[in-house]
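A short write-up of the structure that comes next.
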Amino acid sequence: MPTTNSLDVISSLCKRRGFIFHSSEIYGGINGFWDYGPLGCEMKRNIKEDWWKTTVRNREDVAGLDATIIMHPAIWKASGHLDTFSDPMSTCKSCKKLMRADQVWDILADGEIGQGLAALIVGGVDAGKVAGWCKGKAKGLAPNLAAVRDADALTAAFEKIKADPAAYADAQALYVLLANAKGSQPAVTPCPYCGGELTEPRPFNLMFKTVVGPVDDPANVAYLRPETAQAIFAQFQNVQVTSRQQVPFGIAQMGKSFRNEVTPRNYTFRSREFEQMELEFFIRPDEAVELICGTVTTMADSPDLSVPQASWGWEVWHKYWVEQRKAWIQACGLPKDSFVEYWQKPEELAHYARACVDIEYSFPFGVQELEGIAARSDFDLTQHQKHSGKSMEVFDEPLKLAAAKLDEAAKAAFTAKVSAEWATRGKDAEAARAFVAKLFEGKYVPHVIEPSAGVDRMMLALLCNAYEEQKLTDEKGKEDVRVVMHFSPRIAPVKVAVFPLVKNKPEVYNKAREIFGHLRRRCAAFWDEGGAIGRRYRRQDEIGTPWCVTIDFQTLDDGTVTLRDRDTMQQERLTLDQLKAKLEEALL
RNA sequence: GCGGGUGUAGCUCAAUUGGUAGAGCGCGACCUUGCCAAGGUCGAGGUUGUGGGUUCGAGACCCAUCACUCGCUCCA
């Protein structure tokens, strides 16, 4: 049903009808920041409330948290954001490409230039072969390399290689020489794409910095959080104890996050200030599950994913949450075939992640991530345990009881088995033994499954999906275009609009006001008395109001009203009680 | 941050070679109106993104700046 459309059409409707405005527009706007207008903030609120209801209130095993945006800077040291979010970047002065300074040599090795160089150094560097490459193939591959561009430079390089071939026996050293043969000072780092000169690496901090306290001193620097998740880990023990939850259980949080993106792009899709809905769902390590249940259910067992089981291993929990998240996305109104599940390949995963699924929606600008569901092992809690010195372990009574039933031989066998498994993942036996010893005491650092969604992205996807331009032809054959936003009723910013059929008849008008008064107490209702009835319907179509109620002369006689459906444009007559019941059911 | 394109009313767009800014839609008021963008009358809205400069005169030309957009980067 959704019409193929460009982002321009969506964004102009959003502005015209008050969904989304450019932040600080009267001062020329500010890149990467967006405001939600009257309808937009209602809709965004609906998305968040629906997520909260589904993730927290309707479950017994998830507790909520609302932490601050500014936290102790040590949190970002522990999480790794301080290091990974401040990559020094270099730009090529010739081809203008931007790259992480620490990846220059990897890019070179992976590219055609690197392969060309690698071929040259097989069996020892030969100055003649190098010169031949510079005059031939390299003209296409690395046109901006000094030795390719400049004959004198090539000659200088030729002499240096002849003098000491062993010094240039690896691709990187050789490439640097070809860029610096004439001894430029300081030495030039050549671009791995074209051989041109790279700028000095400049820090690119993706976290927003601020200063806590009145003194503007480097010691007081703090950061606006780049994700909400870390607060959950930092408050893990407090929440666990006060909520009286036992693993497996989750902690959920919604809130603003900030990233100083290099290039905000695609309307609200990549913003510098955005809102997240994150759940950290803590589970037992598989080894603990095995001790308690005697077995670990994996996806190979084709488990029923509808009700969580104690025997589930991380793999099943991960898949369970993928399914839960997809179900929610569908319930919000995105059709099943409009998004895909993308399983990150092993080489794409962060080093601590065991699996990560991206739910990708096909936006007008391409298939892009809506949310991610990551299996992050015990990485986060362990990091905070290390950096804070505070224990992140939980005590698991069933685990201790199960371990107590094992005799020494069984314990030794279990320890040996775990050590062997850990060894295949490159972990040392010492760590495995310490981990198992803790397990026998009923203690471990929980592992975590992290479904992390972007509110703004979900909203953008819903806007894109809902938009339709319908060609209508009336009985007289007159053509007309109707713009409809097909929001699901639970997400729609306005649920019901109320119209008096005519406004110059006080009886009808007053009756309509009375009915409007009833409805607005139950759901987001909108009053419109301006213009012809058809125009009023169309105005509501454009903002996605599912139902319009019209009060006419018959209402005065029998108390019934007409309920007009947005998608079918059909009307039915209902009593006020029937109407209330219908709305209640649809919005539950 | 770098390079290409763009910026006129709430929206979509006009405005000869530089000559003093306009249309449609929308919006507001009133009248009319018995169900799908109806009709009538009246009305509000722009220092042409912003700031400089060239010129007798700039929406148009030059410079700067801000933003949008496409690439490099990124992933809620």
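Lettering follows sequence order; numbering is per chain, from 1. Both backbone and side-chain heavy atoms feed into the values below; hydrogens, waters and symmetry mates do not.
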By the 4.0 Å heavy-atom rule, please label A:F269 as base, sugar-phosphate, or nothing. base
Give one of base, sugar-phosphate or nothing for A:L13, where a contact means two heavy atoms less than 4.0 Å apart. nothing
Table please: side-chain donor-acceptor pairs of residues 501-512 of chain A below 3.5 Å, with sequence neighbours left out.
| unit_1 | atom_1 | unit_2 | atom_2 | d |
| --- | --- | --- | --- | --- |
| A:Y509 | OH | A:E529 | OE1 | 2.5 |
| A:N510 | ND2 | A:P506 | O | 3.2 |

Integer angstrom distance from the C1' of B:rU20 to that of B:rG59: 11 Å
Within the 6.0 Å centroid threshold, strictly below: A:W76 and A:Y223: no
Candidate nucleotides B:rG34, B:rA76, B:rA38, ranked by approach to the side chain of A:A532 - the nearest: B:rA38
Distance-only donor-acceptor test, A:D552 side-chain atoms vs B:rC35 base atoms, 3.5 Å: yes
So which nucleotide from B:rA38, B:rA37, B:rC27 ends up closest to the side chain of A:R539? B:rC27
Separation between the C1' atoms of B:rG45 and B:rG26, rounded to whole Å: 12 Å
With A:F365 via ring pair (Phe, Tyr, Trp, His ring centres under 6.0 Å) - residues at least two apart: A:F269, A:F363
Between B:rU8 and B:rC13, how far apart are the C1' atoms? Round to whole Å, please. 9 Å
Nucleotide nearest A:H22 when distance is taken to its side chain, options B:rC27, B:rA37, B:rA67: B:rA67
Could you give the distance separating B:rC11 and B:rC30 at their P atoms, to the nearest angstrom? 26 Å
Counting only side-chain heavy atoms from C-beta out, which of B:rC36, B:rG10, B:rU32 sits nearest to A:K15? B:rG10
Counting side-chain heavy atoms from C-beta on, which of B:rC75, B:rC35, B:rC27 comes nearest to A:I533? B:rC35
In terms of side-chain heavy atoms of A:T550, which of B:rU32, B:rC35, B:rA76 is nearest? B:rC35
Take atom P in B:rU16 and the same atom in B:rC74, then report the distance between them in whole Å. 45 Å
Check whether the side chain of A:S12 and the base of B:rC11 form a donor-acceptor pair under 3.5 Å. no
Name of the residue among A:W34, A:F21, A:F19 meeting ring-ring contact (aromatic ring centres under 6.0 Å, His included) with A:Y267: A:W34
Sticking with atom P, work out how far B:rG40 lies from B:rG57, rounded to a whole angstrom. 45 Å
In whole Å, what is the span from the CG atom of A:D528 to the P atom of B:rU33? 19 Å
With no hydrogens and no angle check, do the side chains of A:Q230 and A:S79 hold a donor and an acceptor under 3.5 Å apart? no
Give me syn or anti for B:rG45, where syn covers glycosidic angles within 90 degrees of 0. syn
Grab the CD1-P distance between A:I10 and B:rU69 for me, whole Å please. 14 Å
Describe the nucleic acid contact of A:S271 in one word from base, sugar-phosphate, nothing, applying a heavy-atom distance below 4.0 Å. base
Which atoms form the tightest heavy-atom contact between A:S24 and A:D35, and what is the distance? N-OD2, 4.2 Å
Looking across every strand, which nucleic acid part, if any, lies under 4.0 Å from A:N504 by heavy atom: base, sugar-phosphate, or nothing? base
State which of B:rU73, B:rC74, B:rA37 makes the closest approach to the side chain of A:Y193. B:rU73
Checking contacts here: which listed nucleotide (B:rA76, B:rG34, B:rG26) is nearest the side-chain heavy atoms of A:E371? B:rA76
Rounded to whole angstrom, note down the P distance from B:rA76 over to B:rA29. 47 Å
Classify the side chain of A:R564 versus the base of B:rC36 as yes if they form a donor-acceptor pair under 3.5 Å and no if they do not. yes
A:R17 has an atom CZ; how far is it from atom C1' of B:rC25, in whole Å? 13 Å
Atom CD of A:E369 to atom P of B:rC75: distance rounded to whole Å? 9 Å
Nucleotide B:rC74, atom P - distance to CE of A:M207 in whole Å: 17 Å
Looking at every strand, decide which applies to A:G32 at a 4.0 Å heavy-atom threshold: base, sugar-phosphate, or nothing. sugar-phosphate
Can you check the A:R270 CZ to B:rU69 P distance for me, whole Å? 13 Å
Looking only at the side chains, is there a donor atom on one of A:Y36 and A:D456 sitting less than 3.5 Å from an acceptor on the other? yes
Side chain of A:K503 only, please: which of B:rC11, B:rU33, B:rA76 is the nearest? B:rU33
For A:D565, answer base if it contacts any base atom (sugar-phosphate contacts may also be present), sugar-phosphate if it contacts only those atoms, and nothing otherwise; contact means non-hydrogen atoms under 4.0 Å. nothing
Measure the acute angle between the ring planes of A:F282 and A:F233, then classify it against the limits of 30° and 60° as parallel, tilted or perpendicular. perpendicular
When all nucleic acid strands are considered with a 4.0 Å heavy-atom cut-off, which category describes A:G531: base, sugar-phosphate, or nothing? nothing
Any donor-acceptor N/O pair under 3.5 Å between B:rC35 base and A:Y537 side chain: yes
Return the value, rounded to whole Å, for the distance between atom CD of A:E542 and atom P of B:rU12. 12 Å
Euclidean distance for P, B:rA64 against B:rG4 (whole angstrom): 12 Å
With RNA chain B as reference, determine whether A:E278 or A:W34 sits nearer its 5' end, using the nearest nucleotide of each. A:W34
Just checking A:Q571: base, sugar-phosphate only, or nothing, at a heavy-atom cut-off of under 4.0 Å? base
Counting the atoms with a prime plus P, OP1 and OP2 as sugar-phosphate, which does A:F365 contact under 4.0 Å by heavy atoms, base, sugar-phosphate, or nothing? nothing
Using the side-chain heavy atoms of A:V502, tell me which of these nucleotides is nearest: B:rA37, B:rG34, B:rC75. B:rG34
